[in-house]
There are 2 protein chains.
Amino acid sequence: MAQALTPKGTATRSRIVAGAAAELRERGVDEVRLEDVMARTGTSKGQLFHYFPGGKEELLLAVAQHEADQVLVDQQPLLGELTSWPAWQAWRDRLIARYREQGQHCPLGALLGPTGRRTPAARSVVTGLLGRWENAIADGVRHMQSTGDIAPEVDAGRAAAAILAGIQGGVLLLLHTGRTDHLAAALDLALDALRGGARP
Amino acid sequence: MAQALTPKGTATRSRIVAGAAAELRERGVDEVRLEDVMARTGTSKGQLFHYFPGGKEELLLAVAQHEADQVLVDQQPLLGELTSWPAWQAWRDRLIARYREQGQHCPLGALLGPTGRRTPAARSVVTGLLGRWENAIADGVRHMQSTGDIAPEVDAGRAAAAILAGIQGGVLLLLHTGRTDHLAAALDLALDALRGGARP
DNA sequence: CATTTTCTGGACTTGCCGGTCCATTTTTGG
DNA sequence: CCAAAAATGGACCGGCAAGTCCAGAAAATG
C-alpha cells in the first residue's frame, strides 16, 4: 500500500485524486470516464494504473475517502463546539451554506447512493463518516444536557440519529429540487424540539 | 405512445416491467443488464425493444413510474387519513415496516440517487412523487390544526418539508446500515415536536 | 557516472452490453 | 380463410471505455 513514492510521485497522485474529485462533483459518478480524469489532470493511462493498480474502483475509493474527510472538516470547528444555542445555530447555517454551494452532484455519490459500490471498503468509508458525524452531534446534545440547556430525559443518541436523518434527507432533496427548504426545515424542527424539551 | 396493443401484448409488456422492477430491487440499477430482464421474464431482445423503443432508458423510466406510484399506494389509506394522533402513529409504523421489508435496494434508485437520470422525464417522476408525498403530509398537519391538535402557528408546509426530509434521510441510512433507527428517530422527533407544539 | 527504480506516454487489446435487423410465428379482423 | 398487423426469437453489429503492455524519460542511489 505505502510504496516508495518520490515527491514527484506523490504530487501526481494527489493531482489525480483532486482532479477526479472535481470531475466527479461536476458530472456525477457514472458520467466520469478515466479519460476525463486524464484530460483534466494531464496524465496518462499508464500513470493512472501506476498509482491505482486497482483501476477505477480504487481511484473512486480514494476520492471518496478524501471527500468523506472533507465533509466533516468543512463543518469544523463548529461541529466540535456545539456548546450553546448560538453555536448550534451557527453550525446549522454553515451546513446549509455548504450544501447550497456544492453543485448538483454529491461527491460521495459514488458510495452513498444506490449506485454505491457495495464492497466492504466502500461501506466502511460511508459508515465511518456517518458514525463520526452522528457521534459529534450526540456529543453536542450531551454537552447541552450537562449545562441544562436540554432536558436530561432526552436520549442523545436518538436525537442525533434524527438530526442526521434530517440532514441526509434534506441534502437528498436539495440535490433534486435545488432548494434548501427541506434541509432548513428539518434542522429547525429538530433544534426547536430540543430547545422546547428543555423547559417542561 | 398508446399503440394498438393486443391483450397478449399488454400482458408481455407488464410482465417486462414487473420483472425489471424485481430485478432492480434485488440487484440495483447499474447491475441490471437487459439480458437479466430477458432471462427473468422469458422474453427476447426483440420484444424488449418492441415495447420500449427507447431502449433501457425508456424501460427504466416506466419501472420508476410504476414504483413511484407504488410508494404512495403502499402508504394508503393511512397517509390520506392523518386525522388523529393514533392515525399518525399507525402511518409511522406502516412506513417503517414497509421500508424494513424492502431490501437493500431502492427501486427508485434509478432516479433518486446521484446516478439518477437527469432527463426531464426522470426529474418529473421524482419531483411528482415527492410533491404529492409532501402535500399529503401537509394536509394531515392542517387537518390536525383544524381540530386543535396542532397549534395554529405551526407552518404546515415547513413541517411537512421537515418530515419528508427525515423520511428520506432515514431511508437512505436504512439502506446503508440495515437498521431503521434513524427513520424511527426522525419520525418520532418530528411527531413529538408537533404534538408538543399543541400545548403552549 | 552507472545502474536501478520510479515515472510517464500512448498504442493496443478485450469484453461487455445496448441496440439493430429481419425472419418467423401468432393474432386480429373482415 | 386470408391479408395485414402485432408479437416473438435470436443472430449480429458496433462502440465505448476499462484495462494491458512496454518502451523510453527522469529521478534516486551509492
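Hydrogens, waters and symmetry mates play no part in the numbers below; they use all other heavy atoms, side chains included. Note on naming: letters A, B, ... go to the chains in the order of the sequence lines (proteins, then strands), and numbering restarts at 1 for each one.
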May I have the distance from His50(A) (atom NE2) to dG10(C) (atom P), rounded to whole angstrom? 17 Å

Contact state string [nucleotides 24-30 of chain D, B base, S sugar-phosphate only, - no protein heavy atom under 4.0 Å]: --SSS--

On DNA chain C, compare the nucleotides closest to Pro53(B) and Gly9(A); which residue's is nearer the 5' end? Gly9(A)

Going by the salt bridge (charged side-chain N to carboxylate O under 4.0 Å, His left out) test, which pairs reach into residues 5-19 of chain A, not counting sequence neighbours? none

Asp93(A): salt bridge (charged side-chain N to carboxylate O under 4.0 Å, His left out) partners, not counting sequence neighbours: none

Rounded to the Å, how far apart are Leu59(A) CG and dG19(D) P? 10 Å

Provide the full list of side chain to side chain donor-acceptor pair (under 3.5 Å) pairs with a residue in residues 124-137 of chain B, sequence neighbours left out, each pair given once. His182(A)-Glu134(B), Gln75(B)-Trp133(B)

Nearest-Å distance for atom pair CZ/P, residues Phe52(A) and dT8(C): 12 Å

Give a yes or no on whether the backbone of Ala62(A) and the side-chain of Gln65(A) come within a donor-acceptor separation of less than 3.5 Å. no

Give every residue pair that meets the salt bridge (charged side-chain N to carboxylate O under 4.0 Å, His left out) criterion with at least one member in residues 163-187 of chain B, sequence neighbours excluded. Arg179(B)-Asp181(B)

Per-nucleotide protein contact along nucleotides 11-18 of chain D, 5' to 3', at a 4.0 Å heavy-atom cut-off (B base, S sugar-phosphate only, - neither), is ------SB

Within this structure, what is the CG-to-P distance between Leu48(B) and dG18(C), rounded to whole angstrom? 10 Å

Start with the C-alpha distance between Leu95(A) and Leu79(A), add both sets of side-chain angles, then the distance that settles side-chain contact (heavy atoms from CB on, under 4.5 Å), and finish with yes or no. CA-CA 10 Å; Leu95(A) 248 192; Leu79(A) 179 58; over 6 Å; no

Closer than 4.0 Å, any side-chain N/O of Gln47(B) to the OP1 or OP2 of dA7(D)? no

Donor-acceptor contact below 3.5 Å, side chain Asp69(B) vs main chain His66(B): no

Closer than 4.0 Å, any side-chain N/O of Thr12(B) to the OP1 or OP2 of dT8(D)? yes

Short N-O contact, Glu35(A) and Lys45(A), less than 4.0 angstrom: no

Separation of Arg13(B) atom CZ from dT27(C) atom C1', in whole Å? 20 Å

With no hydrogens and no angle check, is any side-chain donor or acceptor of Gln76(B) less than 3.5 Å from a backbone partner on Gly80(B)? yes

Separation of atom CG in Asp36(B) from atom P in dC16(C), rounded to whole Å: 13 Å

Can you tell me if Tyr51(A) touches the phosphate of dT6(C), counting only side-chain N or O atoms and a distance under 4.0 Å to OP1 or OP2? no

Rounded to whole Å, the CG-P distance (Leu5(A) to dT8(C)) equals 10 Å

In whole angstroms, the gap separating C1' of dG18(C) from CD of Glu57(B) amounts to 12 Å

